[in-house]
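Reading through the structure tokens given below for one structure.
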2 protein chains.
Amino acid sequence: MEIEKIADALKALGDPTRLQIVALLNSRDCCVCELVPVFGISQPAISKHLFRLKTAGLVKETRRGQWVFYSLIREQLETIGFSLTHLPDLSYKLKELEQQGLLVQCN
Amino acid sequence: MEIEKIADALKALGDPTRLQIVALLNSRDCCVCELVPVFGISQPAISKHLFRLKTAGLVKETRRGQWVFYSLIREQLETIGFSLTHLPDLSYKLKELEQQGLLVQCN
DNA sequence: TCATAATATAACCATATCGTTATATCAATA
DNA sequence: TATTGATATAACGATATGGTTATATTATGA
């Protein structure tokens, strides 16, 4: 892959919110409505981050009825030479929200 | 490592010039005066990119007399989960400049 | 010690980035 | 079909980024 494309993907990963989104998606696919309450930012901000990751070829979306789920494209991460194994497991954030009843039932 | 630190290092890598600098340093340590002619940008611009990489903990500097050589901190790249093996070998750029006599004799 | 070469820092500017709020789009359902 | 909920897009603003030129710093050598 051209070095500019790799740089673009690394830049997409080089934001704390997006990198945490990627870490979450590493534990399981997530719906936009699940990601919003994890971070203290607006739904449009989350949508834009997801769009940025999608543009870099790092995630793909799947609509399930009303909801849109995002998942990692692991081959692309492999292609740019980035390994997820060094990222912390953030799935506890989703679990906490779920226990507090702050997640919409989207699946 | 905290995810913010990883994101910061990935952001440092997420610029085409800096990623190419890293690719060059992967082939051998380089002096600032060698890097300047490789890219079409000014010496201060190169210095700032190197400072950014240094701040992210990705490179270190060693002064040899008049010249300052930069080298990769490979453990840090490993720590953030980034592998250099997918980067193209850019050492030909230095070789071309050398053959054209456009490199200062700095070692 | 003074001139020169290499590098770093300062000040500045144009553009990109990342957030916001408001609004549009799309699917589900009463 | 009208309403509601989820998501995307538009428009905007504050700050970050990456380049420039000018200047300061540091080391070498006549």
Side-chain angles (χ1 to χ4, degrees), chain A residues 3-4 7-22 24-25 29-56 58-71 97 101-107, chain B residues 3-4 7-22 25 29-56 58-71 94 97 101-107:
Chain A
I3 207 155
E4 284 80 9
D8 186 66
L10 291 171
K11 190 183 221 169
L13 293 170
D15 171 88
T17 301
R18 286 194 294 269
L19 191 56
Q20 288 181 79
I21 289 175
V22 166
L24 280 169
L25 295 181
D29 295 358
C30 289
C31 165
V32 179
C33 73
E34 294 176 302
L35 295 173
V36 169
V38 171
F39 305 94
I41 60 177
S42 66
Q43 173 268 318
I46 295 290
S47 268
K48 281 205 295 184
H49 281 307
L50 290 166
F51 182 80
R52 182 78 182 76
L53 289 169
K54 190 173 70 171
T55 299
L58 296 169
V59 306
K60 64 175 188 293
E61 53 188 319
T62 311
R63 182 173 275 277
R64 293 187 208 161
Q66 210 170 4
W67 296 286
V68 178
F69 282 75
Y70 282 83
S71 54
L97 288 167
L102 296 173
L103 286 192
V104 172
Q105 189 68 23
C106 60
N107 48 25
Chain B
I3 207 154
E4 285 79 8
D8 186 67
L10 291 171
K11 190 184 222 169
L13 292 171
D15 170 87
T17 301
R18 286 194 294 269
L19 191 57
Q20 287 180 81
I21 289 175
V22 167
L25 296 180
D29 296 357
C30 289
C31 165
V32 180
C33 73
E34 294 176 303
L35 294 173
V36 170
V38 171
F39 306 93
I41 61 177
S42 66
Q43 173 268 316
I46 295 290
S47 268
K48 282 205 297 184
H49 280 308
L50 289 167
F51 182 81
R52 182 77 182 78
L53 289 169
K54 189 173 70 170
T55 299
L58 296 169
V59 306
K60 64 175 188 295
E61 53 188 319
T62 310
R63 182 174 275 276
R64 293 187 209 163
Q66 210 171 6
W67 298 285
V68 177
F69 282 76
Y70 282 82
S71 54
L94 286 167
L97 288 167
L102 296 175
L103 287 191
V104 172
Q105 189 67 24
C106 61
N107 50 22

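No experiment lies behind these values; they were computed from the predicted model shown. Each chain gets a letter, A, B and so on, in the order the sequences are listed, and its residues count up from 1.
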> Which comes earlier along DNA chain C counting from the 5' end, the contact point of B/A45 or that of A/T17, where each point is its nearest nucleotide?
Replying inline: B/A45
> Rounded to the nearest 0.5 Å, how far apart are NZ of B/K48 and NZ of B/K54?
Replying inline: 14.5 Å
> Any sub-3.5 Å donor-acceptor pair from A/R18's side-chain atoms to A/A12's backbone N or O?
Replying inline: yes
Starting at atom [atom1] of [X], determine the distance to atom [atom2] of [N], rounded to an integer number of angstrom.
X: A/K48; N: C/dT17; atom1: NZ; atom2: C1'; answer: 8 Å
X: A/I21; N: D/dT7; atom1: CD1; atom2: P; answer: 13 Å
X: B/I41; N: C/dC13; atom1: CD1; atom2: P; answer: 20 Å
X: A/F51; N: D/dT9; atom1: CZ; atom2: C1'; answer: 10 Å
X: B/L35; N: D/dG19; atom1: CG; atom2: P; answer: 13 Å
X: A/I46; N: C/dC18; atom1: CD1; atom2: C1'; answer: 12 Å
X: B/E34; N: C/dA5; atom1: CD; atom2: C1'; answer: 15 Å
X: A/F69; N: C/dA27; atom1: CZ; atom2: C1'; answer: 14 Å

Would you indicate what [X] reaches in the nucleic acid, counting non-hydrogen atoms under 4.0 angstrom: base, sugar-phosphate, or nothing?
X: A/K11; answer: sugar-phosphate
X: B/C31; answer: sugar-phosphate
X: A/R52; answer: nothing
X: A/E61; answer: sugar-phosphate
X: A/R64; answer: nothing
X: A/Y70; answer: sugar-phosphate

Quick check for you: among [options], whose closest atom lies nearest to any side-chain atom of [X]?
X: B/H49; options: D/dG19, D/dA6, C/dT7; value: D/dG19
X: A/P44; options: D/dA6, C/dA8, D/dT9; value: D/dT9
X: A/Q43; options: C/dA8, C/dT7, D/dT7; value: D/dT7
X: B/Q66; options: D/dA8, D/dG18, C/dA6; value: C/dA6
X: B/S47; options: C/dT9, C/dC18, D/dA6; value: C/dT9
X: A/S42; options: C/dT20, C/dA10, D/dT9; value: C/dT20

Are [X] and [Y] packed together at the side-chain level, in the sense that at least one heavy-atom pair is separated by less than 4.5 angstrom?
X: B/C30; Y: B/Y70; answer: no
X: B/V32; Y: B/W67; answer: no
X: A/I46; Y: A/V38; answer: no

> Does a side-chain N-to-carboxylate-O contact under 4.0 Å join A/K60 and A/D29?
Replying inline: no
> Want to settle it: does B/G65 or B/G40 sit nearer the 5' end of DNA chain D, counting the closest nucleotide to each?
Replying inline: B/G40
>> On DNA chain D, compare the nucleotides closest to B/R63 and A/V68; which residue's is nearer the 5' end?
In response: A/V68
